[in-house]
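Sequence positions, counted from 1, serve as the residue numbers for this chain.
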Amino acid sequence: MAPPDRKPGHEPADDRPRGAVQLAFSRSFGPYFWALLTSVSGMWIFNIVAVIVAFDISGSALVVGLVGSMQFLPQFFITPISGRFADQGNAVLQMLLGRIIMTTGTGSLALWIWWTDPAQRDAWPLLAVSLYIGLGFAIGGPAMQTLIPTLVREQELPAAMTLNSVPMTVARSAGPAFGAFIALHFGAGAGFFTAALCNLAFVIVVAAQRYGRGLRRNEQADYSVRAGIVYARRTRPLSLLLLAGTATALAADPALTLLPTLVDDRSGDAAMVGWIASSFGIGSAFGLPLVPTLARHIGLERLSACGLVTMSAGLGIAAIPSALAALTGFLVCGTGMSLALTAVMTLTQQHAVAHMRGRVMALLLVALLGSRPVAATANGAVADLTSATVAMLMISALTLFIAYLSRPGRLRVHGR
């Protein structure tokens, strides 16, 4: 029988730490976990619908890449500052504000689709709202990481941090497939509206939830953005994990940015977009249950490297000019993403000290999401100039090189 939940600010009567499954259904952590899963799924629904709409309007992979670039551009400038404020105790307010922005942004695109003539649309409204949504994520993203210690006991933190990586992994896998299905059968407006509802659900749950005491402000600590950057740069495992996170994002990007072009090169249609997006999602879903077992047997450090190598191999397979190869390759790539992403996020949480966690996780979000403007724009440009196949092979080689740089022996702290 699971130990009783604590009330916010109080320890449960049973001091035994709860595992990930117990935390997922607890009164303290459970509502936040399921709301986060819903919200992040909504954002990936938005991502795939946005690229489908952008390609339908322009027929250009570069424009598709620019949609991603605009959404994640604020990560470079706002996220580190947001991490600083999260470390200082503003997490709940930041999460609410960020998700309200994302709700209104995705909702406005649904209205734009429903109220405009398809023949009269251009990409500028989509680009502008993508930038607005990116601002919301930059404001609220780091706060989600600093809030977790207020929902669990200290000895439950590793399990909670591992569980916290599940929504991003599951949503990244299932969200695009579900979004493509909605866009195909019910239209792009319905896809954007679904994304808005997912974010609204998060706002309602977070606003209603009670929180514990939270992290104490360390009066001796330097809360500047510069201090967080210096700390991450001087802590070798953290700097390498940020590099590995960047590689994970780069290797996952072709499954979104290059997907319409890839399908068009293979004379496919929107249905094939959905099938390939689903194959990436199925691969991610398959990889996720493997994480606990593999982590116990080979360690999180090796798991990170294995995930990157698997993603590189998957992109290489998907580059073969056939629909079956694309389905198989993205299936493999999705599996690798689950392994790499979960390992990188968990290791980063474990290596970062408490009063630096908001800024360190903000830097990881920059690596995971802020790198996408560069990746999406570069992938789109290369695909337009050459082909989606060439772009994927380039990303595959780069991912493999970063896997070598961030190999397991370099991620371990001395004496660990």
Side-chain angles (χ1 to χ4, degrees), residues 72 74-84 86-87 138 141-142 144-146 148 157-158 161-162 164-165 168-169 218 221-253 295 298-312 336-337 339-375 378 395 397-416:
F72 295 108
Q75 308 299 324
F76 286 118
F77 306 104
I78 305 298
T79 300
I81 300 173
S82 178
R84 171 192 173 186
D87 278 337
M144 295 180 179
Q145 312 303 325
T146 60
I148 295 173
L157 193 56
M161 293 306 184
T162 301
N164 187 57
S165 68
M168 183 176 291
T169 305
N218 185 343
D222 183 352
Y223 283 97
S224 66
V225 174
R226 179 181 177 277
I229 295 174
V230 170
Y231 170 71
R233 179 174 60 84
R234 291 181 177 176
T235 307
R236 190 176 73 172
L238 287 177
S239 62
L240 291 174
L241 285 167
L242 295 177
L243 183 62
T246 302
T248 304
L250 294 177
D253 182 75
I298 67 175
L300 287 169
E301 293 85 1
R302 287 192 178 91
L303 186 62
S304 172
C306 286
L308 291 178
V309 171
T310 302
M311 294 188 80
S312 175
M337 190 203 71
L339 305 182
L341 182 60
T342 306
V344 167
M345 293 192 71
T346 305
L347 285 169
T348 304
Q349 294 278 10
Q350 291 177 347
H351 283 305
V353 296
H355 71 275
M356 287 285 188
R357 186 170 290 129
R359 282 162 289 176
V360 171
M361 294 308 297
L363 292 174
L364 181 59
L365 289 176
V366 170
L368 290 171
L369 302 175
S371 61
R372 193 169 169 237
V374 178
I395 293 296
L398 180 60
T399 303
L400 193 61
F401 178 65
I402 294 177
Y404 170 75
L405 293 179
S406 58
R407 56 192 180 275
R410 306 190 72 196
L411 293 181
R412 295 189 181 93
V413 175
H414 180 69
R416 185 179 168 193

>> Holding to side-chain contact (heavy atoms from CB on, under 4.5 Å), I want the full list of residues that pass it with Ala305, two or more places apart in sequence or in another chain.
In response: Pro408
> If every non-hydrogen atom of Ala343 is compared with every non-hydrogen atom of Ser304, which pair is closest and at what distance?
Replying inline: CB-N, 3.7 Å
>> Tell me every residue that passes side-chain contact (heavy atoms from CB on, under 4.5 Å) with Arg407, counting only those two or more places apart in sequence or in another chain.
In response: Tyr404, Arg410
> Could you walk me through whether Leu341 and Leu368 pass the side-chain contact (heavy atoms from CB on, under 4.5 Å) check?
Replying inline: CA-CA 9 Å; Leu341 182 60; Leu368 290 171; 3.7 Å; yes
>> Working to the nearest 0.5 angstrom, can you tell me the gap between Met337 CE and Thr310 OG1?
In response: 12.5 Å
>> Applying side chain to side chain donor-acceptor pair (under 3.5 Å), can you list everything that pairs with Ser312, at least two apart in sequence or on another chain?
In response: Ser396
>> Can you list everything that forms a side-chain contact (heavy atoms from CB on, under 4.5 Å) with Thr348? Sequence neighbours excluded, please.
In response: Leu238, Leu241, Val344, Val360, Met361, Leu364
>> Taking the side chain as everything from C-beta on, heavy atoms only, tell me whether Leu363 gets closer than 4.5 Å to Ile229.
In response: yes
>> Looking at every heavy atom in both Ala227 and Arg359, which two are closest together, and how far apart are they?
In response: CB-NH1, 4.1 Å
>> Ser406: which residues meet the side chain to side chain donor-acceptor pair (under 3.5 Å) condition with it, sequence neighbours left out?
In response: none
> Quick one: does Leu300's side chain get under 4.5 Å of Thr342's, heavy atoms only?
Replying inline: no
>> With rounding to the nearest 0.5 angstrom, report the CD1 to CG distance, Ile402 to Leu243.
In response: 4.5 Å
> Got a sec, which residues hit side-chain contact (heavy atoms from CB on, under 4.5 Å) with Ala138, two or more places apart in sequence or on another chain?
Replying inline: Pro74, Gln75, Ile78, Thr79
> Do you know the tightest heavy-atom contact between Met311 and Gly336?
Replying inline: CG-C, 3.5 Å
> Does a side-chain heavy-atom distance below 4.5 Å link Leu308 with Thr248?
Replying inline: yes
> Looking only at heavy atoms, which two atoms of Leu242 and Ala232 are closest? And how far apart?
Replying inline: CD1-CB, 4.2 Å
